[in-house]
Amino acid sequence: MTKVILTDKLNEKAVEILEEAGFEVKVAWDLPKEEIPQIIGEYDAMIIRSATKVRGELLEKAVNLKVIGRAGVGLDNIDLEVTMNRGIKVVNTPAATTNSVAELALTMILASTRDVVKGTNAIKENPSVYKSMKKELFSREIDGKTLGLIGTGRIGTSLAVKCKALGLTVIGYDAYVPENPVVEMKSSIEEVVKNADYISLHLPLTNETKHMIGKEMLYMMKKGVVLINCARGGIVDELAAHEALESGQLGYYCTDVFEKEPPEPENPLLQHDHVIISPHIGAQTEEGSYRASVQAAERVIEALKSS
Ligand code: 3PG
């Protein structure tokens with residue numbers, strides 16, 4: 001019987017779909033990750049999210065592995081050179097979590113604009129500041145402002161549609177897609193960052209994009225700009241972002257990702273009032289997880305049948 005192991009948390013529907021298709025399914029998402037290499041040799045396919053790192057010892061021991069299903073978008077936790085050389089198929093679910101990530105980026109835009117996290121923290125810590133916070137919190141409207149997108153694929157486009165409905169002008173740059181039906185495309189990143197009140201990143205981490213948002217780019221932006229990173233840690237140089245926050249050049253840094261996850265306790269961004277953090281939950285809505293789990297199961301079945 002063909003055996004499939006699920007090593008990261010998926011919706012139970014994935015188990016149901018795989019079992020109905022006649023596969024033996026091992027739910028191993030509660031198993032410590034270091035134990036997976038000891039059992040992976042038995043399995044024909046595995047389904048993961050971002051927590052399982054499919055490289056090194058795990059891949060060496062995966063002697064029967066034919067298919068890896070990634071419930072989600074990023075393939076940066078898989079050694080694609082090794083899988084390609086060994087003919088292991090890798091399938092993912094690129095569209096399943098688009099809306100979830102776009103909604104988180106929108107949350108960051110709204111939360112930073114009304115200073116809600118800073119207000120919540122201050123009042124919880126000391127309720128007597130309630131009245132003084134009313135004056136202190138920085139507040140404006142998003143209506144009439146400009147959102148700059150770096151990366152205008154599925155997520156960037158979904159965010160653009162939502163933001164246009166809220167009265168923002170949306171401009172963008174994408175190294176691979178020069179046109180977009182809802183975004184006013186610019187011919188360079190510089191043209192976007194110089195003209196936006198909010199900048200949202202929607203691109204993968206590669207050698208080209210590592211620290212793309214560094215000191216030089218940060219100081220090209222409008223003073224007080226809000227930078228949103230629901231893409232990948234490492235695209236933004238965190239120390240440069242901290243320095244720009246301290247100087248007031250950067251108004252807010254809203255991030256769902258860090259260069260090192262979890263971030264080191266001494267990462268200065270953790271102490272800054274104008275940093276909003278979520279722990280890599282962009283894709284993790286109930287709805288997005290359901291779609292990613294179902295699609296990953298279906299794609300793994302298809303790939304196993306054709307291998
Ligand atoms: C992705 O690449 O799909 C996102 O970063 C989400 O990762 P996750 O599967 O761990 O939620």
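Hydrogens, waters and symmetry mates play no part in the numbers below; they use all other heavy atoms, side chains included. Indexing begins at 1, ligand by ligand and atom by atom, following the structure's order.
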Review point. Restricting to pairs with a member in residues 180-217, which pass ring-ring contact (aromatic ring centres under 6.0 Å, His included), not counting sequence neighbours?
Key: none
Review point. Could you give all pairs that pass the ring-ring contact (aromatic ring centres under 6.0 Å, His included) test and reach residues 229-261, with sequence neighbours left out?
Key: His242-His272, Tyr252-His274
Check your understanding: Looking at Glu238 and Lys260, does any basic side-chain N land under 4.0 Å from a carboxylate oxygen?
Key -> no
Check your understanding: Between Lys33 and Asp8, is there a side-chain N and carboxylate O pair less than 4.0 Å apart?
Key -> yes
**Study point:** Side chains of Glu243 and Tyr219, donor plus acceptor under 3.5 Å
**Key:** yes
Exercise for review: Using a strict cut-off of under 4.0 Å between a residue heavy atom and any atom of ligand 1, list the qualifying protein residues by chain and number.
Suggested key: Arg49, Ser50, Arg70, Ala71, Gly72, Val73, Gly74, Arg232, His280, Ala283
**Study point:** Sequence neighbours excluded - salt bridge (charged side-chain N to carboxylate O under 4.0 Å, His left out) pairs with any residue from residues 294-307
**Key:** none
